[in-house]
S.K.: 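Pasting a structure below so you can have a look.
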Amino acid sequence: KEEAFITNMSTLLIASHNVMNARGLKALLPAYVRLHRDHKIGALCVQEHVPKAGTRIASALGPSFGVALHQAAPRLAIVYDRSRLSLRRLTAITLPRLQRVPLWQRTYSSAAPEQKHALVANFSPPLTMVNFHLDAAGDNEHRTAQLRAFASALPLARTPLVACGDTNAFTLRRSDAEAALASVLRPLHLRHNTRDARAKQPIDTHFFARANEPRFGQRLAVTLGLVGIDMPRRYDVICSNIPMPETGQLCTPASDHDLVWASLLLPKYVRRG
């Protein structure tokens, strides 16, 4: 009978980035290359993916990188190092959809509710990776329901699990921001015993003043940013049920989101039998 034994531990760097529809991808690629040069990226979870963006990122990082894409969730991608991770299964989880987008939110979001998904990749060595992007429209109660939906759909974690993404957990008052984000993430923590990598050292990751996109609300935010008015918040997270000995953040002005990353402490397995 063949059995697997843990022989050692290794680190794997996981990064997450909302690329703002890849509008500034040309400027983002060198940042990814520098991060890989300095820390060796194992996987990069991409939100607001557009056609060919994942392929361009993989090409910039090197020949060992591939892209995990699912036709049901084309706005999400996972760029990963095939020399370190082998993709075994890829699924998409459909998240609860808004009934309608409030009028005032249509200044920066689509008028029709967008169908959101979570992209779930099962890798070998054993690692479940979830890439998600919660609604910008609606409120934090709706976003919590979306996160609860994919947390509940995932089997109870018996092997390493990491969930990365853009929560869009906005609060008007900065003093409420971290508590609101923790509340959105709570269903994941309770079901899978995960923790938020940056909870103890929170740093803003989203900046309205950098939202260089065509909708009126976004143009207004950029204009206000020119005179120093912004409401940055921490939207982007990496959560895992295994130790994360090192975390970091990369300033990326070509997107309205900074890139966040964490190194996972993964067990090394050897099979005997």
Side-chain angles (χ1 to χ4, degrees), residues 11-50 53-62 64-65 67-68 75-81 84-85 119 129-134 136 162-170 177-178 181 185 195-213 221-222 225 230-240 243-265:
T11 58
L12 183 76
L13 186 136
I14 307 298
S16 181
H17 200 204
N18 181 321
V19 299
M20 198 175 71
N21 294 303
R23 293 175 67 86
L25 187 58
K26 184 177 180 180
L28 294 175
L29 292 177
Y32 301 150
V33 171
R34 286 193 299 271
L35 180 65
H36 183 50
R37 180 194 63 204
D38 295 341
H39 295 282
K40 300 301 178 189
I41 295 172
L44 169 60
C45 291
V46 177
Q47 301 92 42
E48 293 196 9
H49 179 264
V50 297
T55 302
R56 290 177 63 189
I57 295 169
S59 179
L61 291 176
S64 67
F65 280 82
V67 188
R75 300 283 280 152
L76 301 169
I78 299 175
V79 179
Y80 66 100
D81 188 346
R84 304 183 69 189
L85 294 169
L119 183 64
M129 189 178 302
V130 185
N131 183 13
F132 67 88
H133 187 188
L134 307 184
V162 61
C164 313
D166 174 6
T167 66
N168 272 308
F170 178 74
E178 284 300 309
L181 177 58
L185 295 174
R195 69 179 182 89
D196 173 2
R198 303 286 285 179
K200 292 183 179 180
Q201 295 178 309
I203 301 174
D204 296 326
T205 66
H206 175 261
F207 304 85
F208 289 104
R210 287 173 13 196
N212 188 21
E213 297 193 82
V222 170
D230 199 355
M231 298 183 72
R233 298 290 185 268
R234 187 167 75 95
Y235 284 2
D236 304 88
V237 298
I238 298 178
C239 301
S240 184
M244 293 175 281
E246 190 177 6
T247 67
Q249 187 165 322
L250 195 63
C251 179
T252 51
S255 169
D256 53 345
H257 293 254
D258 278 354
L259 177 149
V260 295
W261 61 266
S263 60
L264 306 184
L265 195 60

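No experiment lies behind these values; they were computed from the predicted model shown.
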S.K.: Taking the side chain as C-beta and beyond, is there a heavy-atom pair between L12 and V162 under 4.5 Å?
M.R.: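 Side-chain contact under 4.5 Å: no.
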S.K.: Evaluate the side-chain proximity of N168 to H133: yes if any heavy-atom separation is below 4.5 Å, no if none is.
M.R.: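 Result yes, sub-4.5 Å side-chain heavy-atom pair found.
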S.K.: If you compare all heavy atoms of M244 against all heavy atoms of A262, which two are closest, and at what distance to 0.1 Å?
M.R.: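 Taking M244 first and A262 second, the nearest heavy atoms are SD-CB, 4.0 Å.
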S.K.: So does N18 get a backbone contact from the side chain of S255, meaning a donor-acceptor N/O pair under 3.5 Å?
M.R.: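 Checked: pair present.
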S.K.: Nearest 0.5 angstrom please: I14 CD1 to L264 CG, how far?
M.R.: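 Between I14 CD1 and L264 CG, I get 5.0 Å after rounding to 0.5 Å.
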S.K.: Are side-chain heavy atoms of L76 and F132 found at a separation under 4.5 Å?
M.R.: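 Sidechains of F132 and L76: no contact.
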S.K.: Identify the two heavy atoms, one from L85 and one from A43, that lie closest to each other, and give their separation to 0.1 Å.
M.R.: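 Here L85 and A43 meet closest at CD1-CB, 4.3 Å.
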S.K.: Which word best sums up how the rings of F65 and H36 line up, parallel for under 30°, tilted for 30 to 60°, or perpendicular for over 60°?
M.R.: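 Rings of F65 and H36: perpendicular, over 60°.
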S.K.: In Å, rounded to the nearest 0.5 Å, how long is the span from CG of L134 to CG of L185?
M.R.: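 Going from the CG atom of L134 to the CG atom of L185 covers 8.5 Å.
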S.K.: Can you name the closest pair of heavy atoms from S16 and G165 and give their distance?
M.R.: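 So the minimum-distance heavy-atom pair works out to OG-N, 3.5 Å.
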S.K.: Given side chains that start at C-beta, do those of M129 and C45 come closer than 4.5 Å, heavy atoms only?
M.R.: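 Yes. Closest side-chain heavy atoms under 4.5 Å.
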S.K.: Using side chain to side chain donor-acceptor pair (under 3.5 Å) as the criterion, list what pairs up with T11, not counting sequence neighbours.
M.R.: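 Side chain to side chain donor-acceptor pair (under 3.5 Å) list for T11, sorted by chain: empty.
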S.K.: Stepwise, does the side-chain contact (heavy atoms from CB on, under 4.5 Å) test hold for V260 with H17?
M.R.: CA-CA 7 Å; V260 295; H17 200 204; over 6 Å; no
S.K.: For M20 versus A254, what's the shortest heavy-atom pair and its separation?
M.R.: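 In this case the closest contact between M20 and A254 is CE-O, 3.5 Å.
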S.K.: Does a side-chain heavy-atom distance below 4.5 Å link F170 with H206?
M.R.: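 When only atoms from C-beta onward are counted, H206 and F170 do not touch, as no gap falls below 4.5 Å.
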S.K.: Any side-chain heavy atom of L259 within less than 4.5 Å of one from L44?
M.R.: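 Result yes, sub-4.5 Å side-chain heavy-atom pair found.
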S.K.: Measuring from atom OH of Y32 to atom OG1 of T252, what distance do you get when rounded to the nearest 0.5 angstrom?
M.R.: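 OG1 of T252 is found 6.5 Å from OH of Y32.
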S.K.: What distance separates Y80 OH from L61 CG, expressed to the nearest 0.5 Å?
M.R.: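 Taking OH in Y80 and CG in L61, the distance rounds to 13.5 Å.
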S.K.: Any idea which heavy atoms bring L181 and A169 closest together, and the distance?
M.R.: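 So the two residues come closest at CD1-CB, 4.0 Å.
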S.K.: Main chain of V46, side chain of N131: is a donor-acceptor contact present, judged purely on distance under 3.5 Å?
M.R.: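 Present.
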S.K.: So, taking the atom named NE2 in H257 and the one named CG in D166, what distance separates them when rounded to the nearest 0.5 Å?
M.R.: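 Reported value, rounded in 0.5 Å steps: 4.0 Å.
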S.K.: Looking at G54 and V67, what are the two nearest heavy atoms and their distance?
M.R.: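 Heavy atoms only, the tightest pair is O-CG2, 3.3 Å.
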S.K.: For residues 195-205, which residue pairs pass the side chain to side chain donor-acceptor pair (under 3.5 Å) check, not counting sequence neighbours?
M.R.: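 Residue pairs passing side chain to side chain donor-acceptor pair (under 3.5 Å), neighbours aside: R174-D204, D196-R234, R198-T247, T205-D236.
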S.K.: Would you mind listing every salt bridge (charged side-chain N to carboxylate O under 4.0 Å, His left out) that reaches into residues 245-263, with sequence neighbours excluded?
M.R.: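 Those involving residues 245-263 are R210-D258.
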S.K.: First locate atom CG of N21, then atom CZ of R75, and finally report the distance between them rounded to the nearest 0.5 Å.
M.R.: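 It comes to 4.5 Å.
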